[in-house]
Structure formats: C-alpha cells, structure tokens
There are 2 protein chains.
Amino acid sequence: MGEAGTALTRGRIDKRRAILDAALRVFDREGYDRAGVDVIAAEAGVAKATVYNHFGDKETLLRQAFAALSEEALARNLAAVAPLADRDGDLRALLEDAGLRLVRCYCAPHSWTLRRLLAAEAGRFPDLLGLVQDGVADRVNEALADRLARLVLAGRLRAADPALAAEQFGGLLCGSLDRRTRLGTREVPEEEMREVARAAADTFLRAFGTGEL
Amino acid sequence: MGEAGTALTRGRIDKRRAILDAALRVFDREGYDRAGVDVIAAEAGVAKATVYNHFGDKETLLRQAFAALSEEALARNLAAVAPLADRDGDLRALLEDAGLRLVRCYCAPHSWTLRRLLAAEAGRFPDLLGLVQDGVADRVNEALADRLARLVLAGRLRAADPALAAEQFGGLLCGSLDRRTRLGTREVPEEEMREVARAAADTFLRAFGTGEL
DNA sequence: AGGAAACTGGACCGGTGAGTCCATTCCGGC
DNA sequence: GCCGGAATGGACTCACCGGTCCAGTTTCCT
C-alpha cells in the first residue's frame, strides 16, 4: 500500500524533501494561511505527524521552504550572470544571453512562488524579507555590477556607476515582465523572452556602449 | 457614545467609505485571510452587521476595496504622465519630472497595499488581476507610450516602438524600487526618489534622445 | 534476529473566524 | 413629533485548522 497517486515512496530519507516540495506547491496554490498542514502531508504522501516530526510547526515549514527556494534562486541567477566574465566575445550577444538567462530565472514558476509568498507574508515575517533581499536580490545585483565594472575597465562599456547600471539593466529586463506574465499566471513563450532580452540589451548598449561595434 | 478612538461618526452616509478604508488598512496589515471582519468593523467604528449590510460578504468587501484602490491609482498615474504632453519645455526636465511623479505613485502606501494584496490573492481571484493589469498598468503604459510617440513625431526623441520604450522607461524607474523600498516596508526619502528618476531619465535619453540639446 | 527510531492513521482538543439573528436604539425625512 | 429604515451589540452556529496523542506498523542498522 502507499503507492496510490503519489510519487512512489523512494529512499525513505528524503521524505523531508517531499514534504518541502509539497508545502511549496500548496503554499503557492492556496497561500500560507489557507494551506492546511493535512493537505500538505497528503500531497507529500506522508502522515501529518511526520510533518510535525521534521519541522516543528507550520511556521518553520514556511521558513525552510523559503530557504530552499532562495538558495536555488540564488544559484540559478548567479549562473545566469557568470558568462558575462568572458572578455572577448561579442558584447551584444553576451549581454543578450545573460539577459535571457536572467529573464528565464525571473519567469520560472519557483521564482514566482517565492515572490508571491514573500509579498504576502513579508509583513508578518520580516526576516524572510531580509533573507530574500539581502541573500538573493542584492547578491545578484552585486555580481552583475562586478561584471559590468570589468567591462568598463576593459574599455567595452562607457563609465558609469556599476551598481546603478546593474540595477537599470535589471529594470529593463524585468520591468515589463510582471505585466507580461500576469504575475506569474501566464507562461511566457521563449520567443517573447528573447525579444525582451534583446530589447533590453539594445537599449542598454545605446546608453552605455562605446561605439566599438 | 461611539466617539472613542475612531474618527467621530460624521454624516452617517459615508459609513461605507469608513468601512472600505478600514478594510484596506486591515487587509494590508494582516493579509486577507487573517483579517477578521470583526476587526475591520471595529476599526471602522461600526458594528459587524453593518459591514454585512453594505457588502454581502468578505469577498465582495475585498473586491470593492480593490476597485476603489485601483481607481485612485489610475488617476494618480495618469496625472503623473500628463505633463509630458508639453511640447516645448526642457525634455530632460520633463522626463525627470514625470519620472519622479511616477516613482512617487509607485512608492505610495496605497500602491503597495494594492500590489501586495494582488500578489497574494491573484491566484484565488483571477478577476482582480485583470482589473488591475488591464485597468491600470496597461492604461498607464499606453498613456505614456502616447506621449512618447508625440515626442518622436516632434523630432525630440529617436524613433522606436513607443509601447516598448514606455515599458522600458517604467522598468528603469521601478526596477530598483522593489529592492530599495524593501517591498514597501521602508519609506524611501524624497531625495532618493529624485535620484532614481534622474538616473532613469538620463539613461533613457542616452538611449532614445536625439542629440538636440 | 532484534530493537530503536521513524512512520502511519485517525481520533481528539481548543481556538478562531465567517456569517446569521434578533431585540433594541438611533436618526433623518415627512 | 412620529415612523421606517439603518445601525447596534452581542449571542450563537458551524466549519475549519493547528497541534497533540497514541497504539500499531514499517524500516533500518548492527
């Protein structure tokens, strides 16, 4: 018994992971308050008591889920920015590519789960806000600023405050995405993402590019 | 009796307004689910039954509050964009000013209430999403695009897709604001808003300005 | 094999909150 | 000055949910 409907109970140690995943799904679908621990347990294919064994209470469950989510988001965002370190490639292509990767991160379902949950619960759990802002958003912006600074130093971008430029590149990328994705409700086709990234890179280069071409 | 703590009971017809305001405050503070109708009633200086007389149930209360909020937001945003119709003024100053006004809208407490609530409840009440996106965000973007198009026609901006340019201007303005305001938690000083607006106008003009000046 | 630790299912408690009801009181218009 | 509709408050129902408990079973480690 116990194989009905759920992913077959595997190694038996990663129940924890299953619970976390289920929690994320349910939190996202119903919101933190309306999410019943019973439901989460059921969706994880686990008894309610098991949930309380792993995490002491609902609140810690939320925090852990958050932590997992932002860890993942951070990694993916940093990876998106990393290729900008390339010193020789075609600058426009490089920017466009990084932009596209960032946009993909931004549009990923998990990313929306994170933002939605954060917006909803930031008032009640201010620490989560710190976790995500300082722990993810700021770090990514910083990393991006670093890359841009290098590019300025290499004479491939016009001088500017790198942190500000990074912020603005982000803005160009994501400014329209809230609307276009309808707050994560609608899935954006790859082609549209590409357009957004291209437009952002375009505008950014017009503003900050040297005439190098 | 009845004057304790609350705005003194005035004309006796705008109880409705009082309830709506209180609802907004409580929804914002506690979130929709945790907001007790009793609390809203108390904060409005009104009996619970009165709330149910005016609005049938909690859900309609939310919707009405939303409607009021987005109406207000729309008006203020459109007003912010309007001055751009000026055909002669200093372009940079004009953009900077419109930008500043938009930023102020974006940072206004009511604006954050709207966004937070929307993010949290968009899943459960998809119609609200439509109301705000189509009814406010799109309209504002369109209005901005209109102004930009005129400026292009007048030879004061380089040709570009106006809708896209408007989107990007918005992105430049607001991209950093989520972080800077810590999701509406922190109040941004006027000076900082001004800087953001200036930086946005700056970058925008570098990308889309003719060398006119 | 055997025992400890984890897991299960389900009953259970206590609190909370939406929505209803009603007898009473208040208030504005005629 | 009086009448009818709105407002009051407070009690009440009903459902749901977080968290606990427990007796029985599974799983893993040695």
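Everything numeric in this text was worked out from a predicted model, so none of it was measured. Every chain is numbered from 1, with letters handed out A, B, ... down the list of sequences.
- What separates CZ of B:F55 from P of D:dA7 is a distance of 11 Å, to the nearest Å.
- The closest donor-acceptor contact from the side chain of B:T113 to the backbone of B:P109 lies under 3.5 Å.
- When all heavy atoms of A:I19 and A:I40 are compared, the closest pair comes out as O-CG2, 4.1 Å.
- Residue pairs meeting the ring pair (Phe, Tyr, Trp, His ring centres under 6.0 Å) criterion with at least one partner in residues 167-192 of chain A, sequence neighbours excluded, are A:F169-A:F204.
- Not one side-chain nitrogen or oxygen of B:K15 sits closer than 4.0 Å to the OP1 or OP2 atom of D:dG5.
- Scored by the side chain to side chain donor-acceptor pair (under 3.5 Å) test, A:R63 finds A:E59, A:D127 as partners (sequence neighbours excluded).
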- Message: How would you summarise protein contacts on nucleotides 16-24 of chain D per nucleotide, using B for base, S for sugar-phosphate only and - for none, with heavy-atom distances below 4.0 Å?
- Response: --BBB----

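- Here the P atom of nucleotide C:dG17 and the CG atom of B:L61 are 16 Å apart, to the nearest Å.
- Annotation: salt bridge (Lys or Arg N to Asp or Glu O under 4.0 Å) contacts involving residues 68-89 of chain B, sequence neighbours excluded, are absent.
- The distance between atom CG of A:N53 and atom C1' of C:dA4, rounded to the nearest whole Å, is 14 Å.
- Both tests hold for B:R115 against B:Y106: distance to the six-membered ring centre under 6.0 Å, angle to the ring axis within 45°.
- Closest approach of A:L94 and A:P83 over heavy atoms only: CG-O, 4.2 Å.
- Contact annotation: B:H54 does not reach the phosphate of D:dA6 (side-chain N/O to OP1 or OP2, under 4.0 Å).
- With sequence neighbours excluded, no residue satisfies side chain to side chain donor-acceptor pair (under 3.5 Å) with A:R139.
- Axis angle between the ends of the helix from C:dA1-D:dT30 to C:dC30-D:dG1, five pairs each and rounded to 10 degrees, works out to 30°.
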